[in-house]
Structures are given as structure tokens and as C-alpha cells.
Amino acid sequence: MKFTIITLFPNLIKSYISESIIKRAIEKNKVDIEIVDLRNYTNYSHNQVDDYQFGGGKGMVLMVEPIVNAIEKYKTNESLVILTSPQGKTWNQKLSKNYANNCKHIIIICGHYEGFDERVLDYVDLEVSIGDYVLTGGELASLVLVDSITRLIDGVIQNESHLNESFENNLLDYSVYTKPVDFRGKVVPEVLLSGHHANIEKFRHESRLKNTYLKRPDLLNEQELSKTDKEFLNNLKNRKEE
Ligand code: 6GU
């Protein structure tokens with residue numbers, strides 16, 4: 001997978017990708033991340049990339065030409081062009097997985113200031129937001145996309161680690177524990193110390209249902225539950241009401 005990130009702040013991106021799992025993924029040639037400074041693609045003097053909006057109003061707007069020049073320089077017939085913006089489709093695990101499996105090259109444009117000239121939209125495939133709040137720029141959002149996609153690429157993290165993780169089958173992850181067994185009287189569930197694999201699997205599945213029910217009940221509406229799962233959740237609800 002190759003990412004091309006078009007940004008006004010190349011150092012922000014560089015700094016994040018030069019540590020941790022992303023760094024290792026680059027070293028193992030699982031991903032290639034190319035950082036492009038938008039200021040190198042303007043036709044205007046003084047590296048100008050933004051200007052006042054027509055019609056009046058506060059704030060600077062990114063101009064269409066530098067962005068389109070940069071896209072056209074890096075785009076191939078295998079590229080998906082994503083624009084980060086609070087007006088975009090909200091990013092989620094399903095989109096992440098879809099692009100991790102089906103894309104070879106993703107170009108991400110980091111939005112800035114009051115936004116970008118509307119005509120930029122004719123040159124992008126997808127406008128993406130990372131949630132319902134406003135950031136000062138698209139760099140954090142672009143890193144969120146790169147991170148969430150990269151960790152799903154084969155060989156980047158242990159394969160099994162995403163089989164049970166949060167949002168897999170629309171459930172949150174199960175609760176996990178490590179030593180000590182007893183912390184100030186709070187003890188690790190006994191079944192996890194039993195070595196009984198089937199019981200541990202059952203505990204973990206129920207833990208995923210319970211965590212989802214308690215923390216993100218909205219996710220439970222989005223999926224088909226088995227009869228046993230429904231019974232388990234009903235018991236949980238009844239116990240809560242007692
Ligand atoms: Cl992608 N960009 C900006 N500027 N703000 C955001 C966002 C993106 N996603 C949520 N808020």
C-alpha cells in the first residue's frame with residue numbers, strides 16, 4: 001500500500017510516521033508513505049496556496065490550483081483520492097478494512113483554514129471526516145486514516161490481533177487482564193486462570209456482548225444476534241433493573 005499525503009505541514013506527518021508500528025511497517029516495506037508539500041505546487045508568488053473568499057467573510061480558503069496540480073502530479077489509474085474535511089463521510093472500521101484490502105495507492109489531501117475552493121471536489125473520489133467536531137487542519141485526520149488502514153495490512157501486526165478486536169462484527173472488544181491477579185481486592189475473573197479454553201472463549205464472547213451493551217448499545221441494533229446472545233443480554237438487562 002502506498003499513501004501520498006498532500007499537506008501544508010510535512011513535518012507533522014513525518015514526525016508521527018517515524019515512530020512505532022507505522023515506522024516498522026515502512027521498514028518492512030508493507031507501506032510506503034510519500035509526503036508532499038502543497039506549497040511546491042502553486043503557480044503564485046511567495047508560495048501562496050490560500051486566499052480570501054469571494055463574497056466576503058472571515059478566514060482563508062485553500063485555492064483549487066495548487067491542490068489539483070499536486071493531485072495530477074501523483075495520481076495514477078490505481079489511485080484513490082481522499083480529501084479530509086469535517087463535511088465528509090465519517091470514517092469507520094468497515095471503510096478502513098475495505099480500503100486496506102482493495103486499494104494500492106491512496107492520495108490524502110489535508111484540508112486547512114476555512115476550507116477549500118469548492119471546485120476541488122471535482123478532483124477527489126471521497127471526502128472523509130473523522131468525527132463530528134472541527135479540527136484546525138486535516139493532518140491529524142490523515143494520520144488517523146493511515147494508521148487505521150496500515151494496521152490492517154497483512155504482516156503489520158500479528159494477524160490474530162484483529163480477529164476479535166472492537167468493531168469486528170459490530171461488537172466491542174472483550175475485557176483483558178494481566179498481573180497481578182489481585183489488585184487491592186479487585187481480582188481477575190477466575191475462568192481466565194483456569195486454563196479451560198472453551199470456558200475462556202465463552203467468557204470472552206459474553207464480555208464482548210456485555211461491554212457493547214454497557215458502553216455502545218447503539219451497535220447492538222446494527223446486527224443479528226443468536227438466541228443465546230439475546231438470552232444473555234436479557235439476563236443482563238434484568239439484573240440491571242433489579
Ligand atoms: Cl477530516 N478535517 C477537519 N478540518 N476537521 C475535521 C475532520 C477533518 N474530521 C473531523 N473534523
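Model, not experiment: these values are computed from the prediction. Nothing fancy with the numbering, it's 1 onward along the sequence.
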Go through it in stages, so that I can follow the logic: the residues are Y213 and L236, the test is side-chain contact (heavy atoms from CB on, under 4.5 Å), and I'd like the CA-CA distance, side-chain angles, deciding distance and then a yes or no.
CA-CA 9 Å; Y213 170 69; L236 206 63; 3.5 Å; yes
Say whether V68 and M60 are linked into one hydrophobic cluster, either directly or through other cluster members, by side-chain heavy-atom distances under 4.5 angstrom.
yes
Using modelled atom types only, decide if a donor and an acceptor are shared between the side chain of S142 and the backbone of E139 within a distance under 3.5 Å.
yes
If you apply the rule side-chain contact (heavy atoms from CB on, under 4.5 Å), what do you find for I108 with L83, and how did you get there?
CA-CA 6 Å; I108 307 175; L83 178 70; over 6 Å; no
Quick check against the 3.5 Å criterion: does T150 have a side-chain atom that pairs as donor or acceptor with the backbone of D147?
no
Do N102 side-chain atoms and N98 backbone N/O form a donor-acceptor pair below 3.5 Å?
yes
Is there a path from V31 to I157 through hydrophobic residues (I, L, V, M, F, W, Y) whose side chains come within less than 4.5 Å of each other?
yes
Mind checking whether H105 and Y74 have ring centres under 6.0 Å apart?
no
Whether E34 and K2 form a salt bridge (side-chain N of Lys/Arg under 4.0 Å from carboxylate O of Asp/Glu) is what I want to check.
yes
Using a 6.0 Å cut-off, check whether atom CD of E190 has over 12 heavy atoms from anything other than its own residue.
no
Does atom NZ of K28 have more than 12 heavy-atom neighbours, drawn from other residues, nucleotides or ligands, at distances under 6.0 Å?
yes
Apart from L192 itself, which Ile, Leu, Val, Met, Phe, Trp or Tyr residues share its cluster (side-chain heavy atoms under 4.5 Å, direct or through members)?
Y177, V181, V188, V191, L193, I200, F203
Enter the distance from M1:CE to I153:CD1 here, rounded to the nearest 0.5 Å.
5.0 Å
Without hydrogens or angle criteria, can the side chains of S175 and N211 be said to hold a donor-acceptor pair below 3.5 Å?
yes
Between CG on residue L209 and OH on residue Y174, distance to nearest 0.5 Å:
14.0 Å
D51 and Q48: side chain donor to acceptor below 3.5 Å:
yes
Kindly compute the distance separating OG1 (T4) from CD1 (I82), expressed to the nearest 0.5 Å.
11.5 Å
Could you go step by step and tell me if E165 and R151 meet the salt bridge (charged side-chain N to carboxylate O under 4.0 Å, His left out) rule?
CA-CA 12 Å; E165 72 189 7; R151 64 185 292 288; 2.7 Å; yes
Inter-residue atom distance L143.CG - I33.CD1, 0.5 Å rounding
8.0 Å
As a test of understanding, state which of K202, R208, K210, R204 forms a salt bridge (charged side-chain N to carboxylate O under 4.0 Å, His left out) with E206.
K202
Donor-acceptor pair, Q53 side chain versus K58 backbone, under 3.5 Å?
yes
Could you tell me the separation between the CZ atom of F54 and the CG atom of D117, rounded to the nearest 0.5 Å?
8.5 Å
Given side-chain contact (heavy atoms from CB on, under 4.5 Å), test L152 with S96 step by step and report yes or no.
CA-CA 8 Å; L152 295 176; S96 207; 4.0 Å; yes
Can you tell me how far apart CD1 (I17) and CD1 (I5) are? Round to the nearest 0.5 Å.
6.5 Å
Charged N to carboxylate O below 4.0 Å: is that the case for E222 and R216?
no
Connected via hydrophobic side-chain network under 4.5 Å: I106 and L95:
yes
With a cut-off of 6.0 Å (strictly less than), are more than 12 heavy atoms of other residues, nucleotides or ligands near CG of D218?
yes
same_hphob_cluster(V61, V124) at 4.5 Å side-chain heavy-atom cutoff:
no
Verify whether one side chain among E65 and Y44 offers a donor that lies under 3.5 Å from an acceptor in the other.
yes
F3/I107 under side-chain contact (heavy atoms from CB on, under 4.5 Å): CA gap, chis, key distance, verdict:
CA-CA 6 Å; F3 295 98; I107 299 178; over 6 Å; no
Can F232 and H205 be said to form a ring-ring contact (aromatic ring centres under 6.0 Å, His included), step by step?
CA-CA 11 Å; F232 174 78; H205 180 66; 8.1 Å; no
Out of I67, N69, D50, N47, which one pairs with L38 under the side-chain contact (heavy atoms from CB on, under 4.5 Å) rule?
I67
Indicate yes or no for a side-chain donor-acceptor contact from T90 to the backbone of S129 under 3.5 Å, with no hydrogens or angles considered.
no
Examine distances only and state if a side-chain atom of T7 and a backbone atom of D37 form a donor-acceptor pair shorter than 3.5 Å.
no
Would you check if the side chain of T212 reaches a backbone N or O of N170 as a donor-acceptor pair within less than 3.5 Å?
no
Hey, does the side chain of N101 reach the backbone of K97 with a donor-acceptor pair shorter than 3.5 angstrom?
yes
Any donor-acceptor N/O pair, N169 side chain to L171 backbone, under 3.5 Å:
no
